[in-house]
Amino acid sequence: MSDITNQSLSEILENVKSKKISSLELTQAYIKNIENAKKLNAFITTTFDQALENAKKFDNKPNELLLHGIPLAVKDLFCTENIKTTAGSKILNNFIPSYESTVTKNLWNCGAFLLGKLNCDEFAMGSSNETSFFGNVINPVGDQLVPGGSSGGSSSALAANLTPATIGTDTGGSIRQPASFTGTVGLKPTYGLCSRWGIVAFASSLDQAGPMTKTVSDCAIMLEAMSGFDEKDSTSINKKKETYSKNLKDNIKGLKIGIPKEYRVDNMPKEIDELWEKGKKILKNLGVQLIDISLPHTKYALPTYYIVAPAEASSNLARYDGVRYGHRSQKGKDLIEMYENTRSEGFGDEVKRRILIGTYVLSSGYYDAYYLKAQKVRQLIKKDFDDNFTKVDAILTPSTPSSAFKIGEKKNDPVSMYLNDIFTVPVNLAGLPALSLPAGIDKQGHPLGLQLIGKALDEQKILNIGYAFEKNCCYKNEIKKWWS
Ligand code: GLN
C-alpha cells in the first residue's frame, strides 16, 4: 500500500476495518514519520511504547468502534493520566496528572489511543507557537513559517502526516487560525459542546476543544467522538449525542449565507478579498443564497477579548504557586518569596503580560471601567449574531487576515500579533461554532482559509456546507517534505 499516512482519517478507518492494514502497522508508520520530523518540533512528549501496545490490543479485538485502532497525538493542554502535561510552560514542566481529560477519554472510549503530546503556545496564549517553553514549532509549508497558534504543534503534526487527525483548543482562534495556516480543517464547537474538564484552563468562558483534520468528513467523525455532556463541567450542554458523520450531506441548495461587511478590514491583502469572492462564488453555484449582513459591533471584539481573556487567565493562573505541583523555585527566604520566584521563573513573557493586564482590569477602581464594560460589549457582539441568525443559516468570512507569517516577524509587536485574531475572536465571545476550511493559496503558495460561522449547536449545518464546499473547491494541499 502506498504511504498510508498521506490518507485522510476516513480512508485510514476503512483500511483498518477491511484489514488492509493493521493498527500496529499504522502506528509504526506514524512513529517513523514523527522520528523523521524532529525539525518541526511539533511534539513535547511521545508515548510510542504505550501506543504500540495499544495497537496490538486493538488488532485482536472486533472492529466496532468509531475510531478503532487509531493512534492520535493531542495538544499538550489536555491532561493525560500518568503522562506529562505541560501546557507549553516551564511551570508545568514536571506535571504528571493523575486524571484524564473528558475529551481525550471520549476519544479513547471510541477506540483511539495516544501517540504523543503536541507543542503549543504557553497556556494557549499566542498565535504563532513562539511562546512555548519547548521552542517554536515550524510550519511544514515552509521552514521559515509559523504554524499558527496556539495549537501550532497540532496543525504542524497534522499537515506533516505525524497524526491522522488531532484536537486543539480555541479561546480566540487557536484551532481555526493554525488550521488556516497549514491548509487543514479546524472546528471550534459551540461553547459547552465539548467538556472542558481536564483541560488546562486559559479563559474559562471562552475555551473550547475541537477537532483539526484533513477533511470535513474527518472533522465530523472526530467531533462525534469527542463531544458530549459531562456532569464534571458545569458549563457542559446536556443534550443528546449527535452522529455528525452519518448525517453529513452535500446538498445545501436554498440555504442562506450571510456576508458581513465589517469583515472587510482596512489594509486587508487583496488575496484575502479574492479568496472570499472565490468562496462566495462556489457557494452560489451550489444553490446558496448570499445575503449582505452587518455585525456592527465587530470592531469592539478584539479589545473586548483582550480584556475578558486576560482577566480570566489572571484568575485561572493564580493556582500556579509551586506548592502542590509544577515548578518550584529554590530561591527566597519565606513563603511569599517562594511564590514570587516560582511564578517569575515559571511563566514566560506573554503569560506574564496577560496576568498583568488581567489583574489590572479586575482591580478595584478599574473593574467597572474595563471588565464590566467588556462584559456588556460582549453581549452586544452576541446580539449582532443572534439578530442575523434569524435571517441566515450561516456566515462566511475569511479565517485570518493573512497567510502564515515568518518566525519572529510579529514576536516583538504584541498588537500586530493580536490583530491576527480579528476574524476569529467574535465567535468565541458569542459562544458560537465556526469551521475553518482550506480554500486557496496566496502568491507564495501558502494556504489560506475561509470561515463558516453557525448558530449555536448548528455544527451539522456548517459541516454540511463545508463538505459541499470542499468537494467543489478543488483545494489540494501539496506540502513538499523538506524536514527529513
Ligand atoms: N491568539 C489568541 C490569544 O493569544 C487566541 C488563543 C487561543 O485561542 N487559545 O489569546
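Both backbone and side-chain heavy atoms feed into the values below; hydrogens, waters and symmetry mates do not. Every number for a ligand or one of its atoms is a count from 1 in the order of the listing. Residue indices begin at 1 and follow the sequence shown.
Using a 30° and 60° split on the angle between ring planes, F202 and Y305 fall in the perpendicular class, above 60°.
The distance between the ring centers of Y360 and Y370 falls below 6.0 angstrom.
Residue Y300 places its OH atom among 12 or fewer non-hydrogen atoms of other residues, nucleotides or ligands, all under 6.0 Å distant.
In this comparison of F202, F123, Y418, Y305, the heavy atom closest to atom 5 (C) of ligand 1 sits on Y305.
Between T169 and ligand 1, no pair of N/O atoms sits closer than 3.5 Å. No N or O atom of G149 sits closer than 3.5 Å to an N or O atom of ligand 1. Ligand 1 has no N or O atom lying under 3.5 Å from any N or O atom of K75, backbone or side chain. Between D170 and ligand 1, no N or O atom pair is found at a separation short of 3.5 Å.
Applying the side chain to side chain contact (heavy atoms under 4.5 Å, CB included) rule to N388 yields the partners I293, L295, K391; only residues at least two apart in sequence or on another chain are considered.
Using 4.0 Å as the threshold, M417 has no heavy atom nearer than that to any atom of ligand 1. The shortest separation from a heavy atom of A309 to ligand 1 is not under 4.0 Å, leaving the residue out of contact.
Counting only heavy atoms of the protein, atom 3 (C) of ligand 1 lies nearest to Y306 OH, 3.3 Å. Of all protein heavy atoms, the one lying nearest to atom 2 (C) of ligand 1 is D421 OD2, 3.0 Å. Protein heavy atom in closest approach to atom 6 (C) of ligand 1: S174 OG, 2.9 Å.
Under 4.0 Å is where a charged nitrogen must lie from a carboxylate oxygen, and between K406 and E130 no such pair does. Using a 4.0 Å cut-off between charged side-chain N and carboxylate O, R353 and D349 make no salt bridge. With salt bridges taken as basic N to acidic carboxylate O contacts below 4.0 Å, none links E274 and K278. Between D207 and R196 there is no salt bridge, since no side-chain N of the basic residue sits under 4.0 Å from a carboxylate O of the acidic one.
Taking every heavy atom of S150 and a limit of under 4.0 angstrom, the matching atoms of ligand 1 come to 9 (N). Listed by number with element, the atoms of ligand 1 under 4.0 angstrom from any heavy atom of G172 are 5 (C), 7 (C), 8 (O).
Within the 4.0 Å heavy-atom criterion, both parts of A124, backbone and side chain, lie near ligand 1.
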